[in-house]
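Let me begin by presenting the structure, written as structure tokens, before commenting on it.
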Amino acid sequence: MSQNGLLINYQFCTGCHTCEVACQMEHKLPVDQWGIKLAEIGPWQISEEKWQYEFVPIPTDQCDLCADRVAKGKKPTCVKHCQSLVMEYGPIEELAQKMAGKPKMVLFAPK
Amino acid sequence: MAEEIKNKNDEEFQRPDYFKESEEKITAGNLPWRWEEDGLTVTRTAAWAAPGCHDGCGALVYTDKNGRLVKVEGDEENPFYNGRLCIRCLALPEVEYHPDRLLYPMKRDKADRGKNKWQRISWDEAYDIIETKFNEYKQNFGPESVVFSLGTGRGTSAYMTRLCYSFGSPNYAYFQSGAACYVPRISASMTMMGTYTCPDCSQYFIDRYDNPKWKAPGVIFIWGNNPIISNADGNMGHWIVDCMKRGSKLVVVDPRLTWLAAKADLWLQLRPGTDAALAMAMNDYIIKEKLYDKEFVENFVYGFDEFAERVAQYPVERAAEITWVPQDKIIRAAKMMATKPVSVQWGLALDQTREAINGTLAVAALWCITGNLDIPGGMIPVHHPFNIQVWAPPDPQEMLPPEVCAKRIGGKEYPMYDYGGVVLTQPDLTVDAMLTGIPYEIKAHWIQSTNPIACTAQDAKDRMLAGFLNAEFNVVVDMFMTPTAMACAEIVLPVATFPERDGIREVYYYVQTTNKAMEPVGECKSDMQITYELGKRFNPEAWPGDTLTEFFSYTMKEMGMTFEEVRKENWVYPEYNYGKYLEGKQRPDGIPGFNTPTGKIELYSTLFEEWGMDPLPFFEEPDQSPVSTPEIMKEYPLVLTTGARRWSFFHSEHRQISRLRAIHPDPLVEIHPQTAKELGINEGDWCWIENTMNKVKMRAHLTLGISPKVVNCDHAWWYPERDPEKLYDVFEANVNLLVPATFGRSGFGANCKSLICKVYKA
């Protein structure tokens, strides 16, 4: 059986915290624990008109890829609610293929 | 002579936002609005306040067999939102069962204002007291002595105003100086174009981005707005991201480096409050370089030559000095504007300069002269589908005789308030009346879903609060106890959340019902039910139907569908076609063109001329600025802008919701690291922000994303966890204490975003 993972295209992640709160609500986590947590990178200035300013959601040890939801045929809650629609769930081989040529993608493939 | 007064019934009355649309309705059909899933009941609904924003997102509410709210999820079938949802709706279960929620009607003696001394009463007793008091003031001082106020326009607007008019008062108020939120943009658009317009992100089509008629905007200007966080006024901010993925480039006009600004092809970091000068210079460049759409201008624009002459006063060189934006960037922006298709997502920053109307007119002129109106991917005319009355308030002229309408505060002085599609009192004159009794005394207030002393009102303590305290009797309708209610109310009425009620969601484009998923907690009632029940006591004829549901159907009468029929269809769109002005579908008389006196886009406004206003846009310096008051800049050396939005909160709401507060625990002042260093301020330090009026305390956040000459403060802060009898320290935290209550010559606009201040460690 193929292993599943999360593909995150952080080129368009706006840092809206939706993944964090959707996950906290789904898994009944307290306000200071996260199944996925945003990192803020920047802003700093790279050149005259270029800025580094990025958000990257990072799954934690408490992420189980929403096993209960997925078993019922639903998307993980972070994937479903992401306002920028930048998260995808599926077999890691398929997700890995989608990364080719895309500069700002990360693949989370938990054991 | 009474019989000569024209009684404007439904058929005769022509709304100023008249808009002809096709008979065809496009619906989702065949989707259930309620089903069972894993032992839970799922109700499809539209998440319109309370609590929350204007958007009305498609949501699924999960309740258990005891009728308790378990969770809220996005509705993937919904074409507007595709299942996505923001953190405020996701955290709704915490709002629903929050220990501080108001659960019962309560009363308090006038002598105990400001004290936490409330007594639970029944709804009947509350209604009896209100009815008796209001009628007493009506009899002794006229119905205009009772003012009905609402905060930002959401699902409550049409009901609360109907309550106002059914009582007989013409005074529907929104307490922000110069009504400097959205209304100026609407009013200016209606005057100039005969319509309001929005960026085309395919939202008129049920199949959205796949619709073959639609094209992604080549360039989207984000002007004075951060739509992904702030409210995008009926649009969803993340549609901008959807369009970016489909190739749209961005030009961002903002003093702050928002995420969108960082991703933009061009970021114009202007000095706060100088939008009009920037827009006029871009117009001038486009005209001088002959980059405008000559055919459109020739056929559909009035007063082009006069306009060209006026904007010539703002050549790029001069605008660069005024705005702090380098000339080459202004020119690049002008060239990008003069392409097709271009959309402009504009925002509050345009309303929040004192001469707001002018910046707005100058920006709107840009998409008009470049021919970007009503084309795929351009600026599309919007209105309330089927003229449904659930967001847009009824026009007072539909319900009140002319002699009563004439008493509306500020109506005579500021005709734009009559014409702009939203008819309000002029807020500053209303507060003046509350303080001075001129033109007449204000005896009582109905304050529904608004918390002005923490949120909207300028000079919040010395004017707004003092004004409320001058009244004999105040009623506040809200979900939680607020600083405003604690300070001044005799009666508070508890409001239901959206899962606890039926209703109708309409923010342009389509209609959807809000479907009750559970019984309200305590004795809460919906905004709609409260106004319906009380309104029936004042004037049953103003509330047709024997039940609230029948009344809902009445407000949708031009759809030709009942509430239950709309509910079954889930969402109902009118058919959309581009280029309506070419076919006479933009005017009630069916003649091609626009619904203005000349039938054209009026760059030279014949209405302004008639009203004794400058018919052409102009730029005016903020009242206090490096240019207008250099002498006091020595003491207050920083430009202060306010009102930037955070993901966690909708205006003054949600401060008590722990999951949301954890993301954004404190009010922030954003400072450039270099400026902070000079001031000896470190990240996280508590600071005073002080100007000639007052001072407020916020925590420093150092960021390179703001000019060293500018600081930015959060708005609408109070501390629900602190002492109610100190009004939750609202006057320590509300930045509006630094904002003067002044407004522009049109009656609209206020300098909320272009002030000066000093900052020092607390």
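Residue numbers start from 1 in every chain, and the chains themselves are labelled A, B, ... in the order their sequence lines are given, proteins ahead of strands.
- Within the 3.5 Å criterion, the main-chain N or O of Gly15(A) finds a donor-acceptor partner in the side chain of Trp647(B).
- The backbone N or O of Tyr53(A) lies less than 3.5 Å from a partner atom in the side chain of Lys263(B), making a donor-acceptor pair.
- The 12-atom threshold is exceeded at NZ of Lys71(B), counting heavy atoms of other residues, nucleotides or ligands nearer than 6.0 Å.
- In this structure, Lys104(A) places its NZ atom where more than 12 heavy-atom neighbours from other residues, nucleotides or ligands lie under 6.0 Å away.
- A pairwise comparison of heavy atoms in Leu90(B) and Ala22(A) identifies CD1-CB, 3.8 Å as the closest pair.
- Residue contact with chain B, scored on non-hydrogen atoms closer than 4.5 Å, involves the backbone and the side chain of Gln83(A) alike.
- For Asp265(B), the part lying under 4.5 angstrom from a heavy atom of chain A is the backbone only.
- Among Glu20(A), Glu54(A), Arg69(A), Glu26(A), the residue with the largest count of heavy-atom pairs under 4.5 Å with chain B is Arg69(A).
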(message) side chain to side chain contact (heavy atoms under 4.5 Å, CB included) for Gln45(A) and Leu704(B)? Distances and angles first, verdict last.
(response) CA-CA 8 Å; Gln45(A) 199 160 7; Leu704(B) 292 166; 5.8 Å; no
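- When Asp32(A), Asn9(A), Thr14(A) are compared by the number of non-hydrogen pairs under 4.5 Å with chain B, Thr14(A) comes out ahead.
- Considering only heavy atoms from C-beta on, Glu49(A) comes within 4.5 Å of Lys329(B) through its side chain.
- For Lys74(A), the part lying under 4.5 angstrom from a heavy atom of chain B is the side chain only.
- Taken to the nearest 0.5 Å, the CH2 atom of Trp44(A) stands 12.5 Å off from the CG atom of Leu257(B).
- Contact of the Lys72(A) side chain with the Asp38(B) side chain is registered, since non-hydrogen atoms from C-beta on lie closer than 4.5 Å.
- Of the possible polar contacts, none joining the His81(A) side chain to the Glu73(B) backbone as a donor-acceptor pair under 3.5 Å is found.
- Closest heavy-atom contact between Arg659(B) and Val31(A): CA-CG1, 3.7 Å.
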(request) Apply the test side chain to side chain contact (heavy atoms under 4.5 Å, CB included) to residues Gln11(A) and Lys245(B): give CA-CA distance (whole Å), side-chain angles for both, the deciding distance (0.1 Å), then the verdict. (result) CA-CA 10 Å; Gln11(A) 182 182 354; Lys245(B) 290 180 189 170; over 6 Å; no
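- With respect to chain A, the highest number of heavy-atom pairs below 4.5 Å among Ser648(B), Pro93(B), Cys86(B), Gly705(B) belongs to Cys86(B).
- Of the two parts of Cys82(A), only the backbone, made up of N, CA, C and O, holds a non-hydrogen atom closer than 4.5 Å to a non-hydrogen atom of chain B.
- Not a single donor-acceptor pair under 3.5 Å links the side chain of Lys80(A) to the backbone N or O of Glu76(B).
- Heavy atoms of Ile228(B) lying under 4.5 Å from chain A belong exclusively to its side chain.
- Across Ile87(B) and Cys16(A), no two heavy atoms sit closer than the pair CG2-O, 3.8 Å.
- Neither the backbone nor the side chain of Lys50(A) comes within less than 4.5 Å of any heavy atom of chain B.
- Between Ser84(A) and Val241(B) the shortest heavy-atom distance is OG-CG1, 4.0 Å.
- Heavy atoms of Thr703(B) lying under 4.5 Å from chain A belong exclusively to its side chain.
- Judged by distance alone, the side chain of Trp259(B) and the main-chain N or O of Cys13(A) form a donor-acceptor pair under 3.5 Å.
- Residue with the most contacts toward chain B among Thr77(A), Val86(A), Leu85(A): Leu85(A) (heavy-atom pairs, distance under 4.5 Å).
- Contact count versus chain A (heavy atoms, under 4.5 Å) is highest, among Glu94(B), Arg332(B), Arg88(B), for Arg332(B).
- At a 4.5 Å heavy-atom cutoff, Leu38(A) makes no contact with chain B through either its backbone or its side chain.
- At a 4.5 Å heavy-atom cutoff, Gln52(A) makes no contact with chain B through either its backbone or its side chain.
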